[in-house]
Amino acid sequence: MTVRYLIGFLFAAVVLLFNVQSTASDFQEKSEILGQKILAVQQAIDNPDLPDSMPAILDLGHDSRYYVLVRGWLAEKLRGDQSIATAMTGETPAELERRIRFLKKAIRAIDLE
């Protein structure tokens with residue numbers, strides 16, 4: 001009876017250990033994917049003319065868990081760019097104008113979905 005109990009206990013411990021390691025591995029994998037998506041959004045904001053810029057923002061922005069993060073990030077970046085454009089006494093650089101248009105379009109796109 002004692003050997004049977006010991007084998008059952010060891011089996012339960014192995015199963016539990018396997019599940020804990022699997023959960024930790026899944027969490028790390030999901031964290032890495034989220035990090036890649038955040039970096040893709042940063043690159044999209046910095047380079048709005050790239051073909052993958054809008055899809056990168058929409059991918060993370062349409063996820064309800066991260067909508068507020070992405071929406072706030074875009075809004076603050078837009079506010080900063082508009083402030084720079086307003087403060088410039090001369091003509092606003094074309095790159096800044098493109099980024100402002102892109103940010104407005106991206107905000108509308110994630111708000112509408």
Side-chain angles (χ1 to χ4, degrees):
M1 187 78 163
T2 307
V3 172
R4 189 179 255 180
Y5 176 75
L6 183 60
I7 291 172
F9 178 75
L10 289 174
F11 177 75
V14 168
V15 168
L16 181 62
L17 181 62
F18 177 76
N19 285 336
V20 167
Q21 287 177 346
S22 176
T23 303
S25 175
D26 289 345
F27 178 75
Q28 182 177 0
E29 185 177 311
K30 288 178 182 178
S31 297
E32 288 174 5
I33 291 170
L34 176 60
Q36 291 170 354
K37 288 182 178 184
I38 289 172
L39 290 174
V41 170
Q42 177 64 49
Q43 184 176 1
I45 291 170
D46 292 340
N47 304 298
D49 295 331
L50 294 177
D52 292 338
S53 292
M54 189 60 73
I57 290 174
L58 296 179
D59 183 39
L60 194 58
H62 285 162
D63 188 331
S64 61
R65 296 170 294 177
Y66 308 113
Y67 165 78
V68 173
L69 168 92
V70 175
R71 175 69 163 79
W73 187 0
L74 296 174
E76 288 303 311
K77 184 67 174 169
L78 176 61
R79 186 174 304 154
D81 286 351
Q82 287 175 329
S83 177
I84 292 169
T86 302
M88 297 187 85
T89 56
E91 190 173 308
T92 304
E95 180 182 333
L96 185 59
E97 287 294 331
R98 275 195 309 273
R99 191 166 60 217
I100 288 171
R101 283 192 308 272
F102 175 79
L103 291 169
K104 287 179 180 180
K105 185 177 177 183
I107 290 169
R108 278 194 307 269
I110 64 171
D111 282 350
L112 293 175
E113 190 59 32

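One-based numbering along the sequence shown.
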Enquirer: Listing request: all salt bridge (charged side-chain N to carboxylate O under 4.0 Å, His left out) pairs with a residue in residues 54-67, at least two apart in sequence or in separate chains.
Expert: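 Listed by first then second residue: K37-D59, D63-R65.
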
Enquirer: Check whether any side-chain heavy atom of I45 sits under 4.5 Å from a side-chain heavy atom of V41, and report yes or no.
Expert: yes

Enquirer: For the CG atom of L58 and the CG atom of L112, what is their distance to the nearest 0.5 Å?
Expert: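 It comes to 10.5 Å.
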
Enquirer: Using a 3.5 Å cut-off and no angle test, enumerate the donor-acceptor pairs between side-chain atoms of residues 93-103 and protein atoms at least two apart in sequence or in another chain.
Expert:
unit_1 : atom_1 : unit_2 : atom_2 : d
R98    : NE     : D49    : OD2    : 3.0
R99    : NE     : D81    : OD2    : 2.6
R99    : NH2    : D81    : OD1    : 3.1

Enquirer: I'd like to check T92 versus I84 (side-chain heavy atoms, cut-off strictly below 4.5 Å). Are they in contact?
Expert: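 A side-chain contact under 4.5 Å is absent here.
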
Enquirer: Distance check, rounded to the nearest 0.5 Å: L74 atom CG versus L69 atom CG?
Expert: 9.0 Å

Enquirer: Return the set of residues passing side-chain hydrogen bond (donor to acceptor under 3.5 Å, both in side chains) with R79 (not counting sequence neighbours), or none when no residue passes.
Expert: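 Counting only residues at least two positions away or on another chain, R79 forms a side-chain hydrogen bond (donor to acceptor under 3.5 Å, both in side chains) with E76.
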
Enquirer: With rounding to the nearest 0.5 Å, note down the distance linking NE2 in H62 to CD1 in I57.
Expert: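 These two atoms lie 10.5 Å from each other.
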
Enquirer: Q42: which residues meet the side-chain hydrogen bond (donor to acceptor under 3.5 Å, both in side chains) condition with it, sequence neighbours left out?
Expert: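 Once residues adjacent in sequence are excluded, the partners of Q42 under the side-chain hydrogen bond (donor to acceptor under 3.5 Å, both in side chains) criterion are D46.
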
Enquirer: Check step by step if side-chain contact (heavy atoms from CB on, under 4.5 Å) holds for I110 and L60.
Expert: CA-CA 9 Å; I110 64 171; L60 194 58; over 6 Å; no

Enquirer: With sequence neighbours left out, what residues match E91 under side-chain contact (heavy atoms from CB on, under 4.5 Å)?
Expert: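 Checked E91 against side-chain contact (heavy atoms from CB on, under 4.5 Å); zero matches.
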
Enquirer: Got a sec, which residues hit side-chain contact (heavy atoms from CB on, under 4.5 Å) with L39, two or more places apart in sequence or on another chain?
Expert: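 Scan of L39 (side-chain contact (heavy atoms from CB on, under 4.5 Å), adjacent residues dropped) gives none.
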
Enquirer: Quick one: do L78 and V68 end up in the same hydrophobic cluster if we chain Ile, Leu, Val, Met, Phe, Trp and Tyr together by side-chain heavy atoms under 4.5 Å apart?
Expert: yes

Enquirer: Grouping I, L, V, M, F, W and Y whenever their side-chain heavy atoms are under 4.5 Å apart, do L50 and W73 come out in a common cluster?
Expert: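 In one cluster with L50: W73, no.
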
